[in-house]
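Chain letters run A, B, ... following the sequence lines, proteins first, then strands; residues in each count from 1. Scope of the values below: all heavy atoms of this structure, side chains included, with no hydrogens, waters or symmetry mates.
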Amino acid sequence: MSDDIRRNMALFPIGIVMKLTDLTARQIRYYEQNGLIQPARTEGKQRLFSFNDVDRLLEIKALIEKGLNIAGIKQVLQLQQPAPEKTEITATSEAKRKEMSEKELHQLLKQQILFNNAARHGENALIRGELSRFFH
DNA sequence: TTTCTAACA
DNA sequence: TGTTAGTA
C-alpha cells in the first residue's frame, strides 16, 4: 500500500498549512515544539508538511477547541499513534476509517475518564457530546 | 515574498 | 498566543 508514502510525503510549506488548518504559523510551530507533529525540513530549514501532518493538525485544532491543553492532546494522540493494532485489510478504506474513528473514540473516552479522575474537574468537559455515541 | 528562530509591552 | 526583529 503505497498510499502511506503519499500521505506522508512532505509537500507544503507552512503558509499553505495555515490556510488549510486555520491555524497561525505561531501555533503550528508551537505544536511542533511540543512534539505534536514532526514535519520534514528542507535544506534551508523550512518546514514541509504532509497530508498526515495536516490531518494531525486538524485533530489538534479540534481538541484545542474542546478545551484541552498541549499535555492533554499529547496523551490523546499517544493513544492513537503507537497503536499498530492488527486490522483486517478486507474493509473498504471508508469503512476502515469509521472503524478507526470508533476505536479512537473509545481510547479518547478511556483517556478522558482517567484524566478527569486524576485531575480536578472543570475545564475538561471534552466528550460530553461524544458520549452519546455509545448510548445507541 | 515567505519562512525561521528567539524573545517580550 | 500575538507579534516583532533580523535572517536566509
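The pairing partner recorded for B:dC8 is C:dG2, the criterion being a Watson-Crick or G-U wobble arrangement whose two distances lie under 3.5 angstrom. Taking a pair to require two hydrogen-bonding distances under 3.5 Å in either a Watson-Crick or a G-U wobble arrangement, C:dT7 remains unpaired. Checking B:dT1 for Watson-Crick or G-U wobble geometry (two distances, each under 3.5 Å) identifies no partner in any strand.
Between A:Arg26 and C:dT3, a side-chain N or O to OP1/OP2 separation shorter than 4.0 Å is absent. Checking the phosphate oxygens (OP1, OP2) of B:dC4, no side-chain nitrogen or oxygen of A:Gln46 falls inside 4.0 Å. Considering only side-chain N and O atoms, A:Tyr31 lies under 4.0 angstrom from the phosphate OP1 or OP2 of C:dT1.
Within 4.0 Å (heavy atoms only), A:Gly44 reaches no atom of the nucleic acid at all. A:Ile64 comes within 4.0 angstrom of sugar-phosphate atoms only, judged by non-hydrogen atoms across all strands, and of no base.
Proximity of A:Arg29 to A:Ile14: side-chain heavy atoms (C-beta onward) are separated by under 4.5 Å at one or more points. Contact check for A:Val54 versus A:Thr21: side-chain heavy atoms found under the 4.5 Å cut-off. Looking only at side-chain heavy atoms (C-beta outward), A:Leu77 and A:Leu63 come within less than 4.5 Å of each other.
The interatomic distance linking A:Ile60 (CD1) with C:dT1 (P) rounds to 11 Å, in whole Å. Rounded to whole Å, the distance from CZ on A:Arg47 to P on C:dA8 is 17 Å. As a whole-Å value, the separation of A:Lys61 NZ from C:dT1 P is 12 Å. Taking atom CD1 of residue A:Ile16 and atom P of nucleotide B:dT3, one finds them 8 Å apart after rounding to whole Å. One interatomic measurement links the two molecules: CZ of A:Arg41 to P of C:dA8, which rounds to 16 Å at whole-angstrom precision. In this entry the distance linking CD1 of A:Ile28 with P of B:dT2 reads 15 Å, nearest Å. With rounding to whole Å, A:Asn34 atom CG is found 10 Å from C:dT1 atom P. Between A:Phe49 atom CZ and B:dC4 atom C1' there is a gap of 12 Å when expressed in whole angstrom units.
Taking 4.0 Å as the cut-off between side-chain N and carboxylate O, A:Asp53 and A:Arg56 do not count as a salt-bridged pair.
Scanning both residues, A:Asn34 and A:Lys74, for their nearest heavy atoms gives O-CE, 2.8 Å.
No hydrogens or angles were tested; on distance alone, nothing pairs the side chain of A:Arg29 with the base of B:dT5 as donor and acceptor under 3.5 Å.
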